[in-house]
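The structure appears below as structure tokens.
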Amino acid sequence: MTLWPGGPWLGGTSLETTNHWLSPLQVPALGLHVLGPAMLASQKDFNNAVSQVKLLKEDPGNEVKLKLYALYKQATEGPCNVPKPGMLDFINKTKWDAWNALGSLSKEAARQNYVDLVSRLSASSESPSPEAPAADRKQPESDSLVVTSEDGITTIRLNRPAKKNALTTQMYHDIIAALQAASKDESAITVLTGSGDYYCSGNDLTNFTHLPAGGLEEMARSAAALLRDFVNCFIDFPKPLVAVVNGPAVGISVTILGLFDVVYATDRASFHTPFSHLGQSPEGCSSYTFPKIMGSSKAAEMLLFGKKLTAQEACAQGLVTEVFPDGTFQKEVWARLKAYSKLPPNAMRISKQIIRNREKEKLHAVNAEESSVLRERWQSDECMNAIASFLSRKAKL
Ligand SMILES: CCCCC/C=C/CC(=O)SCCNC(=O)CCNC(=O)[C@H](O)C(C)(C)COP(=O)(O)OP(=O)(O)OC[C@H]1O[C@@H](n2cnc3c(N)ncnc32)[C@H](O)[C@@H]1OP(=O)(O)O
């Protein structure tokens with residue numbers, strides 16, 4: 001029995017052999033469409049989609065594979081009709097739960113949802129593909145960052161989807177190097193985006209567990225220096241800088257958005273800065289840019305109380321430029337960026353610099369102050385307890 005129409009990343013195997021880590025608690029909401037009969041996909045469309053899924057260039061991640069599995073079963077066999085696997089049979093139980101969650105969804109609607117999902121995945125795998133790096137670009141030290149240049153666009157992609165693209169210390173260094181190289185390369189526009197279902201879950205909280213010989217104080221000192229250098233690169237970046245926010249964003253990946261020129265987000269994105277929960281304080285110049293962008297009370301709700309914004313709310317408050325439906329996000333955004341990248345690059349640089357130069361001194365001063373406050377915060381009991389709590393899995397956002 002074919003349980004999962006496999007792709008090349010699976011070597012045609014079934015979900016059981018690859019998804020050991022999936023916990024039943026991680027089964028996602030399936031977000032299904034309810035469609036009228038005239039709009040439903042044919043059996044032929046479905047068969048094509050089943051073939052197409054095997055040609056996807058990138059592994060879509062376990063959550064998506066689970067969705068595909070459930071829809072495939074519903075489309076081919078109808079509502080879940082097999083006994084629930086035992087509690088300890090985690091993987092089969094996860095799959096059963098996903099299939100069973102589709103309830104009485106008709107075979108036709110499941111077929112349509114499957115076709116739609118595959119078409120979205122195919123569109124996103126058609127977005128700029130890796131090509132040879134610019135000759136003078138040093139490639140990042142780790143695979144967690146992928147830098148490519150194509151069509152006048154340099155793309156810096158956070159590539160740690162299994163950890164929701166959380167930023168390791170090495171990644172901060174690699175992003176700094178990538179931005180420095182992009183500021184000098186031939187491209188007209190630079191983009192930051194993420195692989196998988198998240199844009200970025202912020203600072204990797206395990207960064208705080210690698211204590212140097214000088215202990216906590218030394219760790220806080222060097223982290224504050226790295227943070228300051230990292231944010232300075234965004235302040236000084238000379239070309240149009242665009243964030244393509246492909247999913248939820250947390251912590252520093254949200255705060256630095258105030259330093260981007262344009263922010264495009266999928267409607268699946270959310271924006272969360274849980275600093276108080278973590279015993280920390282704002283960075284990325286957000287203590288200055290957020291009140292300026294959205295007004296002081298909306299900024300306070302985010303930065304003091306950790307209010308999470310939807311993509312639409314973030315757009316209404318000016319943090320996001322435009323929100324796109326998830327199904328067409330990659331296609332629409334990259335088409336638009338390709339068109340913009342054909343504009344005269346020097347004119348774009350000069351215009352950016354006129355805008356940024358008015359603020360640069362202020363932004364550097366804010367960055368220095370925020371980094372210095374955080375250096376103290378990272379040594380506080382509030383912060384240490386919050387991190388210990390996350391690491392011992394007692395707390396999640
Ligand atoms: C130079 C230093 C500069 C420092 C600058 C300071 C910045 C401040 C910040 O950025 S504050 C924000 C910090 N981020 C967080 O607090 C997020 C913590 N993560 C979560 O709450 C959740 O993981 C989630 C809500 C992002 C996603 O939840 P979900 O249930 O969907 O997924 P999992 O929790 O199972 O995550 C999958 C694996 O990824 C690991 N992970 C996710 N985020 C982080 C992170 N920020 N740090 C470390 N690890 C992270 C998670 O632990 C899972 O790993 P596992 O599969 O091995 O269990």
Side-chain angles (χ1 to χ4, degrees), residues 19-29 61-64 66 90 94 144 158-176 194-212 216 218-234 247-257 259 268-287 302-304 306 308 367 370-380 382-397:
N19 295 356
H20 315 288
W21 54 269
L22 266 175
S23 113
L25 295 176
Q26 289 172 308
V27 177
N62 280 322
E63 290 189 15
V64 173
L66 201 53
F90 295 118
T94 302
S144 303
L158 309 175
N159 188 39
R160 232 185 140 214
K163 298 284 181 184
K164 311 292 182 193
N165 297 324
L167 298 170
T168 60
T169 302
Q170 184 60 52
M171 286 165 79
Y172 288 103
H173 286 291
D174 284 342
I175 294 169
I176 291 173
S195 297
D197 61 340
Y198 256 66
Y199 174 63
C200 175
S201 63
N203 187 42
D204 187 313
L205 295 172
T206 66
N207 288 341
F208 293 112
T209 60
H210 311 300
L211 279 191
L216 186 57
E218 170 57 18
M219 187 277 296
R221 190 203 60 74
S222 69
L226 178 57
L227 172 65
R228 192 170 164 183
D229 289 349
F230 177 77
V231 175
N232 277 343
C233 276
F234 287 86
V250 184
I252 189 164
S253 70
V254 177
T255 55
I256 52 167
L257 292 176
L259 298 173
R268 226 173 29 76
S270 55
F271 299 82
H272 195 189
T273 48
F275 299 128
S276 298
H277 300 70
L278 292 166
Q280 298 186 30
S281 51
E283 53 352 53
C285 294
S286 58
S287 62
M302 278 191 87
L303 298 176
L304 272 51
K308 191 198 284 192
N367 182 27
E370 288 177 347
S371 302
S372 144
V373 171
L374 265 172
R375 179 175 167 180
E376 299 305 320
R377 282 279 87 211
W378 286 328
Q379 297 176 68
S380 70
E382 284 181 347
C383 178
M384 282 300 122
N385 291 340
I387 290 166
S389 184
F390 172 78
L391 296 175
S392 65
R393 287 295 181 275
K394 275 186 266 161
K396 234 179 222 187
L397 294 175

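Both counts, for ligands and for their atoms, begin at 1 and track the order of listing. Nothing here was measured: the structure is a model prediction, and the numbers come from that model.
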Check: [X] side chain, [Y] main-chain N or O, donor-acceptor pair, under 3.5 Å:
{"X": "Glu370", "Y": "Ser287", "result": "yes"}
{"X": "Asn165", "Y": "Ser195", "result": "yes"}
{"X": "Thr273", "Y": "Met302", "result": "yes"}
{"X": "Ser380", "Y": "Cys383", "result": "yes"}

Under 4.0 Å from any heavy atom of [X], which atoms of ligand 1 are there?
{"X": "Gln280", "value": "8 (C)"}
{"X": "Ala223", "value": "1 (C)"}
{"X": "Lys164", "value": "31 (O), 32 (O), 36 (O), 37 (C), 42 (C)"}
{"X": "Tyr198", "value": "24 (C), 25 (C), 26 (C), 27 (C)"}

Closest by any non-hydrogen atom to [atom]: pick that one out of [options].
{"atom": "atom 14 (N) of ligand 1", "options": "Gly251, Ser201, Ala166", "answer": "Ser201"}
{"atom": "atom 38 (C) of ligand 1", "options": "Ser281, Gly202, Ala162", "answer": "Ala162"}
{"atom": "atom 5 (C) of ligand 1", "options": "Tyr172, Phe390, Phe275", "answer": "Tyr172"}

Let me confirm one number: the CD1-CZ distance from Ile256 to Phe230, rounded to the nearest 0.5 Å.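 Separation between the atoms: 4.5 Å.
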Hey, what do you get for NE2 (His173) to CG (Leu226), rounding to the nearest 0.5 Å? 4.5 Å
Is the shortest N/O to N/O distance between Lys163 and ligand 1 below 3.5 Å? yes
Proximity flag Leu278 to ligand 1, non-hydrogen atoms under 4.0 Å: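 Yes; Leu278 lies near enough to ligand 1 that a heavy-atom distance drops under 4.0 Å.
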Under 4.0 angstrom from ligand 1, any heavy atom of Trp378? yes
Is the CZ atom of Arg377 crowded by more than 12 outside heavy atoms at less than 6.0 Å?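 Correct, the count exceeds 12.
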Location of contacts on Leu205 toward ligand 1, heavy atoms closer than 4.0 Å: both
Measure the acute angle between the ring planes of Phe208 and Trp378, then classify it against the limits of 30° and 60° as parallel, tilted or perpendicular.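 Tilted: the ring planes of Phe208 and Trp378 meet at 30° to 60°.
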